[in-house]
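Throughout, a chain's letter reflects where its sequence line sits, starting with A, and its residues are numbered from 1.
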2 protein chains.
Amino acid sequence: MADGENDKLVLERFLPYRLSFLTNVISRKLARLYSEQFDITPHEWKVLANLSRHPNISAAKTGEKTAMDKVAVSRAIKGLCDKGLVHKVFSSEDRRRSVLNLTKKGGDIYHQIEPLVIEYENSLRDILSQEEQNQLDRLLSKLTTHVGG
Amino acid sequence: MADGENDKLVLERFLPYRLSFLTNVISRKLARLYSEQFDITPHEWKVLANLSRHPNISAAKTGEKTAMDKVAVSRAIKGLCDKGLVHKVFSSEDRRRSVLNLTKKGGDIYHQIEPLVIEYENSLRDILSQEEQNQLDRLLSKLTTHVGG
DNA sequence: TTATTATAGTTACATATGAAACTTATTTCA
DNA sequence: TGAAATAAGTTTCATATGTAACTATAATAA
């Protein structure tokens, strides 16, 4: 560190901000795919997608799977129930625990949105060569495991 | 796409969510470096850092440089002025335009935080080999230019 | 038992954020 | 000129978010 370059903060090169900028742009574009047409928030979409893959799950489990905190999960579920996209009952074995499922309507809407979202991810990946995609997956995994939850 | 794997959404593998998760963890840790000791918000820190590098700048230019919207910039500047870290006057040539500078106190605090932040970035980069760091910089640049601001 | 502790989920409160409206100053150009 | 359009910043309002407090249920253990 003799050149006096690495001990000055330059926002344009600062890794956390570069990551954050890219992520924000991508998240905004992604959200537009379901927020406008379907009036679904990002949290709601995440819960919906997770319920599609993992039916009969509780709110707490949903939080684990999606890395959302329990308040965000609770609100997303409330929103989805109000819109008739999710059905909630409480478990008869443990009446604290909810049992969640997509309704018919929820499933229908999910299957309308899913291809749009997958297409968007593909459009992102297509910016990169196959080699670069592998690098990206690897780097994300490595960083994510090391920064700790 | 014949194997039926790439046409189902799996949150754990979905690029925007992996990016978002990593970014959120990093942003939270970064914010802790200045929020607790110095009572500075992320927006305020960003403006502070930018002013250190670009003195005598307006709020609008600050917004351009930091990719923040003008409301966030306005609020950050108000917070920094209230804390006595930034000095604001309006330009005599164009009295709509502000001219911003760090105060002595602002500069002092900035120079206390800067090494902590740089150290944190280094600790992130040190997770990766030099080769991987180059890959990451390259991938971020490529994705960022292609997703469009 | 029954008192204690822990868990699932919700609610309340305080703060953060973004979009649109607004104020003031400057520029444009009929 | 001076009316209309534009630009810089601020304020307002509606919504989003996170922390902590709260309710209800279940598990633990004395």
Query - Close side-chain approach of A:Ile57 to A:Asn101, heavy-atom, < 4.5 Å - result: no
Query raised in the report: Who pairs with A:Arg32 by side-chain hydrogen bond (donor to acceptor under 3.5 Å, both in side chains), at least two apart in sequence or on another chain?
Result: none
Query raised in the report: Between B:Pro42 and B:Ala31, what is the shortest heavy-atom contact and its length?
Result: CG-CB, 4.1 Å
Requested in this report: To the nearest Å, give me how far apart CD1 (A:Ile57) and P (C:dA8) are.
Outcome: 13 Å
Query - Nearest-angstrom distance from the residue atom CD of A:Glu93 to P of C:dA8 - result: 14 Å
Query raised in the report: Where is the tightest heavy-atom contact between B:Leu11 and A:Ala49, given as atom of each residue plus distance?
Result: CD2-CB, 4.2 Å
Query raised in the report: Roughly how many Å is it from CG in B:Asp82 to C1' in D:dT10, rounded to a whole number?
Result: 14 Å
Report summary line: B:Ser129 and B:Glu132 have their tightest heavy-atom pair at N-OE1, 2.9 Å
Query - For the student: nearest non-hydrogen atoms of A:Tyr120 and A:Ile26, plus distance - result: OH-CA, 3.7 Å
Report task. Mind listing the residues from residues 33-47 of chain A sitting with a heavy atom below 4.0 Å of DNA chain D? Number order is fine. Result -> A:His43
Output a table of nitrogen or oxygen pairs between the protein and nucleotides 9-12 of chain C separated by less than 3.5 Å.
unit_1, atom_1, unit_2, atom_2, d
C:dG9, OP1, A:Ala59, N, 3.2
C:dG9, OP1, A:Ser98, N, 2.6
C:dG9, OP1, A:Ser98, OG, 2.5
C:dG9, OP2, A:Ala60, N, 2.5
C:dG9, N7, A:Lys70, NZ, 3.2
C:dG9, O6, A:Lys70, NZ, 2.9
C:dT10, OP1, A:Lys88, NZ, 2.5
C:dT10, OP2, A:Ser74, OG, 2.6
C:dA12, N6, A:Arg75, NH2, 2.9

Query raised in the report: A:Asp69 CG to D:dT19 P: how many Å, rounded?
Result: 7 Å
Requested in this report: Indicate yes or no: at least one non-hydrogen side-chain atom of B:Ile109 is less than 4.5 angstrom from one of B:Ile40.
Outcome: yes
Query raised in the report: Would the B:Trp45 and B:Phe38 ring centres measure less than 6.0 Å apart?
Result: no
Requested in this report: Starting at atom CZ of B:Arg95, determine the distance to atom C1' of C:dT23, rounded to an integer number of angstrom.
Outcome: 13 Å
